[in-house]
Every structure is written in C-alpha cells, then in structure tokens.
Protein chains: 2
Amino acid sequence: MTKPFTSVWTRQPRTSRTTPGLSREQIVQATLELLDAEGTDGLSMRKLGAKLDAGATSIYWYVANKDELLELAYDEIWAGMEMADPQEVSWRYSVASFAQSMRRVILEHPWSARLIGRMPAIGPNALRITDRLRKAVTLAGFEGLEIDYAVSTVTAYVFGTTIPEAVWNEYVAEKNPDVNEIREAVAAVLTDYPEMRSRVVAMGEADPTAVRLMSFDFGLYTVLDGLEARLAT
Amino acid sequence: MTKPFTSVWTRQPRTSRTTPGLSREQIVQATLELLDAEGTDGLSMRKLGAKLDAGATSIYWYVANKDELLELAYDEIWAGMEMADPQEVSWRYSVASFAQSMRRVILEHPWSARLIGRMPAIGPNALRITDRLRKAVTLAGFEGLEIDYAVSTVTAYVFGTTIPEAVWNEYVAEKNPDVNEIREAVAAVLTDYPEMRSRVVAMGEADPTAVRLMSFDFGLYTVLDGLEARLAT
DNA sequence: ACCTGAACACCGTTCAAGT
DNA sequence: ACCTGAACACCGTTCAAGT
C-alpha cells in the first residue's frame with residue numbers, strides 16, 4: 001500500500017477566526033527554545049506542552065505530528081542564513097558568503113544537524129535562499145541541469161562538513177566529556193596507524209575551532225575553484 | 001559533571017573461554033539484517049532479541065548500549081568500501097574510486113545515512129580505508145594539515161550528497177509513496193519561484209537515478225579539480 | 001474551534017535473580 | 001560466564017469527551 005506524502009508545507013494549516021490560547025508561531029518559538037536549550041533529545045511533545053502550559057496533546061491541533069513540528073523548526077534555521085546579493089558582488093563571493101553563513105547558523109543550532117538532509121527543505125525560508133543560490137550560479141555561467149548540480153555540490157559540501165562538527169559540539173555541550181581522555185582513547189586505537197596517531201596527538205595543542213574554520217575554508221575554496229574549472233570547459 | 005567518553009572501540013570487549021549461545025559477531029550480523037530489512041526504525045533491542053531467540057536484555061552482556069551496537073554496525077559499512085591502491089593508479093582515480101564506492105555502499109544500506117557524521121568512524125574498517133585515503137592525497141602532493149583538509153573535503157562532499165539520497169530511498173522503500181503526487185505537491189509550493197517550479201516539473205520525465213549519478217560525478221570532479229588547483233599554488 | 005486526560009503500543013535500560 | 005523477566009521511566013499518537 002502506498003502512503004500519501006505529507007509535509008507541513010504542502011497542506012493548508014488550520015485557520016482560526018478567533019485569537020485562541022495557542023498559535024503555531026508560539027509553538028514553533030517554544031520548540032526552538034527547547035531545542036536550543038536541551039538539544040535534539042530534549043524535545044518531547046510532553047515537555048513542549050508543559051512549556052506552553054498546555055496539555056501535551058493540544059499541539060496536535062496545530063500540527064499533524066512531531067515531524068511536522070520539526071519541519072517548522074527546520075525552516076527557521078534557513079531564516080537565519082544570509083547571502084550577499086549575487087547581482088551586486090561576484091558569484092564567488094556571494095556563494096562563499098552563503099556557505100559561511102549556513103555553517104554559522106547550523107553551529108549555532110546544533111540540533112539542526114540531525115534534520116539536514118533528512119527533511120525536505122521546502123519551507124518558505126529555505127526556498128528564498130535556495131532561489132538566491134541558483135541565481136548566483138546562473139550568473140556564474142551555469143545552465144540547465146548544471147545549475148542543479150552546482151548548487152548541490154556546494155550545499156553537499158557545507159552539510160557534509162558541518163553536520164559532524166555540530167554533532168560533536170552538541171555532544172560536548174551535553175555530556176561535557178574530558179577531551180584529553182577522548183584524544184588518548186582515540187590515539188590508543190590508532191596504534192597500527194602511526195601517521196594518523198601522531199596527527200591526533202599533535203592536534204592536542206591546536207585550537208580546534210580555528211583548525212575547523214581553516215579546514216572549512218580550504219574545502220570551500222576547493223569547491224569554488226572546481227566550479228570555476230568546470231566553467232572553463 | 002563530566003561524563004566519561006565511551007565507544008565500543010576504545011574499551012576491551014568481554015572475552016569468553018567457552019562457546020556460549022550468543023556472540024558479538026552473531027549479534028552484529030542480526031543487527032545488519034534487521035536494519036537492511038526494516039530500516040533504522042525497525043531496529044529495537046526487543047526485536048533483535050527475538051530474532052536471536054534470546055531475551056531482549058541478553059544483548060547487554062555483549063554491548064553496553066544501543067549506540068555501541070550501532071557503532072559496530074556502522075563499521076561494517078566501511079568494510080564494504082573499496083578503493084584503488086594509490087600506489088598503482090593516479091591519485092585522482094584512486095580518490096574517485098573511493099568516493100564512488102562509498103556512495104554505493106551507503107545507498108545499499110540506507111540506514112547508515114543516519115549514522116554517518118554522528119558516530120566516530122574509528123572502527124577497524126573505517127581506519128583501514130581512511131588511512132588509504134590519506135596515502136592517496138599525500139601522494140597527490142599535500143602535506144601536513146592539508147592532508148586532513150583534503151580528506152575532509154572529499155568525505156564531506158560524499159556524505160553531503162549521499163545522505164539525502166539514502167534517506168529519500170529509505171523513505172520510498174518504506175512508505176512507497178506516490179512520487180507523482182509528491183512532485184505536484186512540491187510544484188504547488190513553488191508558485192512564487194517559476195524557475196525552480198519548471199525544473200521540478202521537467203524532472204518528472206528524467207530517470208532520477210541517472211540524474212543523481214550525473215550530479216554526483218559532476219560534484220566529484222569539481223572537488224578533484226579544486227584539489228588540483230590547490231596543489232598548483 | 002480548541003483543549004483535555006486517559007489509554008495504547010511501543011521504547012532503552014537497570015537489576016536482582018537464575019543457571 | 002551468561003541469560004532472564006519484571007519493572008522503571010520514558011516516548012508519540014489516538015480518541016472520546018469536554019467547553
């Protein structure tokens with residue numbers, strides 16, 4: 001049996017004429033606060049209900065299920081992303097500004113890392129910025145399907161680097177582990193690979209956030225250079 | 001309070017002198033079968049226990065918790081990846097063969113998409129292939145931290161493209177939705193973005209797996225060209 | 001139109017007790 | 001050394017009933 005496709009974005013929300021106790025905006029707001037404060041696992045319908053001084057099941061009036069709630073929260077992430085107008089600056093700068101901003105926003109809301117790539121990014125905010133990104137690569141000179149490919153390449157790179165970073169940050173924030181202990185444990189596992197082992201040990205003295213930023217920029221410029229190479233052919 | 005770091009790979013497994021009913025290999029095997037057959041949500045300790053003709057809680061003798069079980073399953077994914085020996089072929093070919101293989105394996109086991117980037121890839125199989133990848137980029141000419149950056153760039157790209165693809169495949173396999181209906185629903189959301197809208201509609205006639213492969217290769221060559229550009233400077 | 005609480009069918013995990 | 005079942009503290013979701 002086929003199950004029908006459902007998404008908050010592809011159906012009409014309930015409309016009310018009165019001003020009742022709860023509203024969708026209010027619920028999304030509370031969801032974001034809960035997620036920012038307690039992480040992905042901190043969000044449950046019961047907790048959310050309690051935070052809103054309502055029964056846990058009241059939320060189901062505004063939202064079909066928890067996934068729809070997360071779709072709404074996810075789109076708010078996209079609302080926070082910025083991108084230099086490709087009409088005003090070079091496409092490289094415009095795309096780079098988008099990538100940096102996307103990374104920044106995800107790291108600010110690490111819970112979003114578990115939603116990225118798992119939920120369709122078809123909320124109004126996601127669409128707004130995706131359209132801009134498409135404009136940027138079109139101005140760069142890509143045509144037809146290559147517009148899609150170029151956009152995918154950039155977002156895939158950003159997602160792929162930022163997801164593990166955000167997950168790690170969330171883990172550290174929640175569990176507050178002893179980072180030196182982790183490094184030692186990992187080094188111990190690497191006895192058969194001396195080259196990797198010495199890398200891990202050496203990393204101990206570096207500032208991890210600085211290294212990660214350099215790594216991100218390295219890859220970003222790699223992707224941008226690669227796109228330029230494709231334009232040249 | 002700091003919570004100690006734990007991973008299956010950084011602690012001693014229990015050793016037995018007898019040949020008892022269950023074994024770790026057996027459990028991992030059953031876990032993989034369950035995941036392949038029913039997807040991420042199909043795995044529960046109770047179901048796994050039942051499959052092994054054991055109590056659900058027997059598993060806790062071999063594994064500290066469900067996350068450790070998933071760590072073990074995750075490393076099996078890496079076991080399936082192949083990579084042309086960088087000593088024998090060009091670094092480009094070697095890295096490309098790794099990327100293609102990684103994508104193939106993830107798509108074959110879509111449940112792995114939810115683990116990638118969330119779990120440390122420090123199992124024996126993950127290490128084996130990561131070491132090879134490092135060798136390949138070293139032979140390409142990268143040095144020091146740039147080896148890490150180059151490796152990260154490639155894997156981030158593969159993860160970033162493949163995760164959504166695998167999630168989508170898992171969704172389709174499990175829910176068996178009407179794809180045309182989805183396309184129409186998405187098109188309806190895109191009324192304000194005619195360019196994106198027509199793209200979605202036009203996609204209806206294309207073979208999605210072929211398009212995705214082309215998209216993957218486009219991005220992969222982009223990354224490889226970008227790496228070459230970095231070597232040139 | 002909106003909200004409620006009880007109830008259902010699940011979870012992962014702990015632990016005392018068994019062999 | 002290994003396995004068990006009962007029990008705990010959670011989940012998301014449904015639904016009849018209330019206002």
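This is a predicted model, so every value here is computed, not measured. Heavy-atom basis, side chains included; hydrogens, waters and symmetry copies ignored. Each chain gets a letter, A, B and so on, in the order its sequence line appears, and its residues count up from 1.
Put simply, A:W61 has a side-chain N or O that comes within less than 4.0 Å of OP1 or OP2 on C:dC2. In this model, the phosphate group of D:dC3 is approached by a side-chain N or O of B:Y62 to a distance below 4.0 Å at OP1 or OP2.
Between B:Y157 and A:F159, the ring center distance fails the sub-6.0 Å criterion.
Straight-line distance from the CG atom of B:L70 to the C1' atom of C:dG12: 12 Å, rounded to whole Å. Summarising the geometry, the separation between CD1 on A:I59 and P on D:dT14 is reported as 14 Å, rounded to the nearest angstrom. As a whole-Å value, the separation of A:K66 NZ from D:dT13 P is 8 Å. Rounded to whole Å, the distance from CG on B:L48 to C1' on D:dC3 is 15 Å. We find that CZ of A:R24 is positioned 16 Å from C1' of C:dA1, with the value rounded to whole Å. Atom pair B:L69:CG and C:dC11:P shows a separation of 14 Å (rounding to whole Å applied). C:dT13 atom C1' lies 13 Å from atom CD of B:E68, rounded to whole Å.
Comparing A:K47 and A:A64 by the nucleotide of DNA chain D that holds the closest heavy atom to each, the one mapping nearer the 5' end is A:K47. Residue whose closest nucleotide on DNA chain C sits further toward the 5' end, between A:R46 and A:D53: A:D53.
Here C:dC3 is the nucleotide among C:dC3, D:dT13, D:dC3 with the atom lying nearest to any side-chain atom of A:S58. In the set D:dG12, C:dT14, C:dT4, the nucleotide with an atom closest to the side chain of A:Y60 is D:dG12. Taking every side-chain heavy atom of A:T57 into account, D:dT14 is the closest of C:dC3, D:dT14, C:dA7.
With a 3.5 Å ceiling on both atom-pair distances, C:dA17 lacks any Watson-Crick or G-U wobble partner. Pairing of D:dC8, defined by two Watson-Crick or G-U wobble distances under 3.5 Å, is identified with C:dG12. Under the Watson-Crick or G-U wobble criterion, with both distances below 3.5 Å, D:dC3 has no partner in any strand shown.
Taking the six-membered ring where tryptophan is involved, the planes of B:Y171 and A:F5 are perpendicular, since the angle between them exceeds 60° and thus also 30°. Relative ring orientation between B:Y74 and B:W78 is described as perpendicular, the plane-to-plane angle rising above 60° on a 0-90° scale split at 30° and 60°.
A side-chain donor from one of A:Q29 and A:E33 sits under 3.5 Å from a side-chain acceptor of the other. No side-chain N or O of B:S7 forms a donor-acceptor pair with one of B:E68 less than 3.5 Å apart.
You'll find the side chain of B:W9 reaches within 4.5 Å of the side chain of B:L72, heavy atoms only.
At a threshold of 4.0 angstrom between heavy atoms, the contacts of B:A54 are confined to the sugar-phosphate backbone, with no base atom among them.
Screening B:E82, B:E108, B:E165 for a salt bridge (charged side-chain N to carboxylate O under 4.0 Å, His left out) involving B:R103 leaves a single residue, B:E165.
Contacts between residues 27-44 of chain A and DNA chain D, counted as heavy-atom distances below 4.0 Å, involve A:L43, A:S44.
Closest non-hydrogen pair, A:Y62 versus A:L22, comes out as OH-O, 3.0 Å.
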